[in-house]
Amino acid sequence: LHGTLSETVYCAQPLGFEDSTNPDYVCRLNRSLYGLKQAPRAWYSRFATYLLQLGFVEAKTDTSLFIYHRGGDTVYLLLYVDDIVLTASSAGLLRRTIDALQREFSMKDLGELHHFLGMHVQRSSGGLLLSQRQYMLEILDRASMADCKPYSTPVDTNPKLSAVDGAPVADPTDFRSLAGALQYLTFTRPDIAYAVQQVCLHMHDPREPHLASLKRILRYIRGTLHLGLLLRPSAQSDLLVYSDADWVGCPDTRKSTSGYAVFLGDNLISWSSKRQTVVSRSSAEVEYRAVANAVAEVSWLRQLLVELHVPLSKAALVYCDNISTVYMSANPVQHQRTKHVEIDLHFVRERVATGAVRVLHVPTSSQYADIFTKGLPSLVFTEFRSSLNVQAADDQTAGGVRIVY
């Protein structure tokens, strides 16, 4: 992890290794030390340089992804500091790649992927189940809610909370710590993304109602420790997107919440629940802004798939439950009521015109992105959660992805 420094950096003489004849001298660093500001970049530069010598290419869409592609041989390497997820098109190529890395760096092959950055990977009869059960138990223990009564949903169907209702919480630091921990949990639990997003809006000044909402999320987690995100083999390889928005939902700013769910075949691969940055003047406008956000994500994913050498041959289908938005995405006429969203209009229409995206209407009963924009009744929430592939574990089967550190 000690990369070569390109900058001139000096440090004080280490304790126990001082030069008694020159106590005022300093040391010039040739290699980075742990905790140095330049250390992460220096290590990344050293590792990336070696991978490029092996024939890997650094992905433009994600600088932590490296791709080797020669004929029928393909290797994907995903790097996070000193943790590496590595997979290849054949076992022999995977072994040769690991050997090449071990010749340059001190590494250990941990075999098939089981844990990565706190996420547990479980092979089941249906595919790979990504879960964070141990992490959830740790959060509940920190909140002293390990034995609390579970709830069936993470958020109720009432309107969104105001920022000024209720008394300030006794310990804002504890609230922020738990809210931040829940943000990391959304990596494998998209069903709590909306509830966590609503809680995190009030981290600067948490009140008692906000704390009650946070505890409701924890109660929901207590009853769903067995759930995770299922990734399974799929005969389809098309991008399917559901986009939705809750118009003027914020009681304080009247800003709207937008969300989307992106499926690659049968698998949920990207999702978002986010408050929009501006106030929209109509439901069509807020829905169109949500579609623009979803189309931006689709554009990035299409480019990523091109770099992975599995380009899409068909247009991505973006489903929206607002008919006006569907019409505006293909109608080149500029109306008075839409000129203030001109950038989003041109962005989406350009993607529609090039054939990369098609915006279609979907009934509200099948709008799975609703789970990212508002609280839903228990039965609807459970149905949509299942549609997002948030499921329980199944029987173990064999797999073929490796982790190296």
Side-chain angles (χ1 to χ4, degrees), residues 132 136 139-140 142-143 145 148 150-169 171-224 227 242-261 270-280 283 286-287 289-290 293-294 367-378 380-382 384-385 388 390:
Q132 295 169 273
M136 288 186 277
I139 295 175
L140 290 170
R142 283 168 51 187
M145 296 180 64
C148 64
Y151 274 3
S152 59
T153 60
V155 64
D156 58 29
T157 57
N158 294 329
K160 297 174 176 60
L161 295 174
S162 171
V164 295
D165 288 346
V169 299
D171 189 355
T173 301
D174 187 54
F175 178 93
R176 292 165 187 148
S177 176
L178 290 172
L182 289 173
Q183 279 187 310
Y184 189 71
L185 182 58
T186 59
F187 285 169
T188 59
R189 294 294 301 272
D191 51 323
I192 67 170
Y194 167 72
V196 173
Q197 180 262 345
Q198 288 295 302
V199 166
C200 289
L201 289 175
H202 308 289
M203 291 178 69
H204 63 290
D205 183 22
R207 304 297 181 100
E208 288 298 332
H210 309 147
L211 179 60
S213 296
L214 186 145
K215 289 184 176 180
R216 181 183 177 115
I217 300 174
L218 296 176
R219 291 180 182 276
Y220 170 73
I221 291 172
R222 178 64 182 85
T224 57
L227 296 182
Y242 293 88
S243 172
D244 189 44
D246 185 22
W247 185 35
V248 296
C250 179
D252 302 310
T253 65
R254 287 306 172 188
K255 293 179 180 178
S256 308
T257 301
S258 59
Y260 60 74
S270 181
W271 57 92
S272 172
S273 177
K274 185 177 181 180
R275 189 169 70 177
Q276 295 186 2
T277 57
V278 297
V279 179
S280 299
S283 59
V286 71
E287 293 276 5
R289 292 187 191 277
N293 292 335
Q367 178 53 280
Y368 303 133
D370 268 356
I371 203 172
F372 299 117
T373 61
K374 60 179 74 70
L376 300 174
S378 180
V380 178
F381 177 83
T382 303
F384 282 10
R385 182 183 68 189
L388 297 179
V390 178

To the closest 0.5 Å, what do you measure between [atom1] ([X]) and [atom2] ([Y])?
X	Y	atom1	atom2	answer
L182	L214	CG	CG	5.5 Å
S273	Q198	OG	CD	7.0 Å
E287	S280	CD	OG	10.0 Å
K274	L201	NZ	CG	11.5 Å
L388	W271	CG	CH2	9.0 Å

I want to check something: taking the side chain as every heavy atom from C-beta on, are [X] and [Y] in contact at a cut-off of under 4.5 Å?
X	Y	answer
Y194	P154	no
T186	I192	yes
L161	H210	yes
K160	D246	yes
V169	E208	yes
M203	C200	yes
K374	T257	no

Exam field: side chain [X] to backbone [Y], donor-acceptor pair closer than 3.5 Å:
X	Y	answer
Q367	D244	no
T382	S378	yes
T157	L376	no
R207	G166	yes
R176	P206	no
R222	P150	no

Might you point out which heavy atoms bring [X] and [Y] nearest each other, and give the distance in Å?
X	Y	value
F372	A261	CE1-CB, 3.7 Å
Q132	L185	OE1-O, 3.2 Å
S258	Q276	CB-NE2, 3.5 Å

Which one of L218, I221, I139 satisfies the side-chain contact (heavy atoms from CB on, under 4.5 Å) criterion with M145?
-> L218

[X] and [Y]: side-chain donor and acceptor closer than 3.5 Å?
X	Y	result
S162	D252	yes
S177	R142	yes
R189	T224	yes

In this structure, are over 12 heavy atoms from other groups packed under 6.0 Å from K255 atom NZ?
-> yes

Please find out if less than 6.0 Å separates the ring center of Y220 from that of F381.
-> yes

For the ring pair Y368 and F384, is the centre-to-centre distance below 6.0 Å?
-> yes

Under the side-chain hydrogen bond (donor to acceptor under 3.5 Å, both in side chains) rule, what do R289 and S256 come out as? Steps first, then yes or no, please.
-> CA-CA 10 Å; R289 292 187 191 277; S256 308; over 6 Å; no

